[in-house]
There are 2 protein chains.
Amino acid sequence: MTAEPPPSGDARLPLRERKKLRTRQALIDTALELFTARGFGGVTLDELCDAVEISKRTFFRNFAGKEDVAMAPTQDLWRTFLDDLETREPGDRPVAEMLQEALFASLERMTEDGWAHRVLLSRRLAGKTPSMDAHGLHFCHGTSRAALDILHRRFRFDAPDDLRPRLALDLLIAASHCAIEQWTNRPGTPTREDLATDLRAAFAALPGSLTLTAAVRAE
Amino acid sequence: MTAEPPPSGDARLPLRERKKLRTRQALIDTALELFTARGFGGVTLDELCDAVEISKRTFFRNFAGKEDVAMAPTQDLWRTFLDDLETREPGDRPVAEMLQEALFASLERMTEDGWAHRVLLSRRLAGKTPSMDAHGLHFCHGTSRAALDILHRRFRFDAPDDLRPRLALDLLIAASHCAIEQWTNRPGTPTREDLATDLRAAFAALPGSLTLTAAVRAE
DNA sequence: CCAGTTATGCCACTGAGTGGCATAAGCGCG
DNA sequence: CGCGCTTATGCCACTCAGTGGCATAACTGG
């Protein structure tokens, strides 16, 4: 037993890195706790920093803004998604299907303890906090652009300025948002597997959304 | 000649309202001008308010934040879109088509002088300014939710928690963003009609984006 | 143990956004 | 016209997010 399994540690990193990761994680957990209790606007950065015993300057070396600390869990998922996209085989099926598989695979990789719970708190906060919602949307937009770069780097499409790859990505993200919202509003404590279920449902509803017709509501 | 056509005026409103609209318009125009010249972050609200000879307090009675003043033109379009949705007949065609028609009709109504130019400046700024992009996305998300309310109020769908109406709206908005981006990157000074063209192209590409397959790029 | 690197803390500062209150500008009415 | 009534505006002080600079402490490798 030359080493104990590090509690919040990853691989066997240099001490300095582990410390940094530990304060980062403490910031995320404490932030979600405080924000959930008193609201995003009801907690100042100074208070958060005091709680974690960190200077405000250090906070901004870990996160770009107050919103980011509360959205880190979701961002991890999308970063993994981009990683996956770099190597996934396209096969013969539609790109849209490949993208969905990449997202499912990324979800499988979110094995960190309590990840689903953190995402849940994060999304419920975002629902009540416009600036968090805005930042989340912006981040997803950036992810979509990065993914589009990967697609164009790895694959070739008929037309060089084809809109369809980009739309396929935006559709994936729209369906994901839809699924995450459904999942967030589930009663009790939804699990990671529940999220996969909701994602499948949203993806399945995608094709029908273009052909759906409406019935006028009877008075 | 009992009345001259009011330069920036709408209907014959009470004097007080006209004044308010005039300072509002002055704020939008001056903001777009200054932001374009020195960047969004390169202009303080105090400077903007000085230029329009307005107190900062008054600025915040017209706009909710620094970003909003620069995004007003686009927001007008989407507000008109919601208006249109309230009365548009569904017919026998898919909801998605009706939504597209509603957007085209709204675009037709943007007859204000120089509207296209303002949108152009606004979007080009948003491309370089993360916080503007985020706010724009957030606004569109809110519009999508409002439109969903209208759909559910006016029409009846098979299942009460059907995801498809919502996805249809998100798809409309995704395609619109795609189109506006194309339009923004056109060389020269694209017109309102050009925007309609780009919208049509994006909507047409929507169905194919789900079935598109990729060819591996040859080394 | 000793440099060299890198994270941290502290301090002062800018700028967005808010609340309160006095004042002035438009408005309706006698 | 002049009178109150309503509503927009201006001013002031304040909170808080976010930044830059610089000294210091903590890890690292030899």
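FYI, side chains are in, hydrogens and waters are out, and symmetry mates aren't considered; it's all heavy atoms of this structure. Labels below follow one simple rule: chain letters A, B, ... track the order of the sequence lines, proteins then strands, and each chain is numbered from 1.
Computed from coordinates, the B/R18 CZ to C/dA25 P distance equals 17 Å when rounded to whole Å. Between A/F59 atom CZ and C/dC10 atom P the separation is 17 Å, expressed in whole Å. Distance CZ (A/F40) to P (D/dC16): 13 Å, rounded to an integer number of Å. A/R24 places its CZ atom 13 Å from the P atom of C/dT8, with the value rounded to the nearest Å. A/D46 has its CG atom 15 Å from the P atom of C/dA12, to the nearest Å. Atom pair A/F60:CZ and D/dA17:P shows a separation of 7 Å (rounding to whole Å applied). Between the CG atom of B/L45 and the P atom of C/dG15 there is a distance of 10 Å, rounded to whole Å. Separating the CD1 atom of B/I54 from the P atom of D/dT9 is a distance of 6 Å, rounded to the nearest angstrom.
The number of heavy-atom neighbours closer than 6.0 Å to NE2 of B/H117, taken from other residues, nucleotides and ligands shown, is 12 or below.
For the pair B/R61 and B/K66, nearest-nucleotide mapping onto DNA chain C gives the more 5' position to B/K66.
B/D194 and B/T191 are linked by a side-chain donor-acceptor pair at a separation below 3.5 angstrom, with hydrogens and angles left out of the test.
Of the side-chain N and O atoms in B/S55, none sit less than 4.0 angstrom from OP1 or OP2 of D/dC11. Phosphate contact (OP1/OP2 of C/dA25, side-chain N/O of B/K19, threshold under 4.0 Å): absent. An OP1 or OP2 oxygen of D/dC16 is reached within less than 4.0 angstrom by no side-chain nitrogen or oxygen of A/T44.
Not a single donor-acceptor pair, N or O on each side, falls under 3.5 Å between the base of C/dG9 and the side chain of A/K56. A donor and an acceptor atom sit less than 3.5 Å apart, one in the side chain of B/R57 and one in the base of C/dG20.
Under the 4.0 Å criterion applied to side-chain N and carboxylate O atoms, A/R166 and A/D170 are assigned as salt-bridge partners. The pair B/E86-B/R154 does not count as a salt bridge, with every side-chain nitrogen at least 4.0 angstrom from each carboxylate oxygen.
Nearest nucleotide to the A/T23 side chain, out of D/dG10, C/dT8, D/dA8: C/dT8.
A donor-acceptor contact shorter than 3.5 Å links the side chain of A/T30 to the backbone of A/A26.
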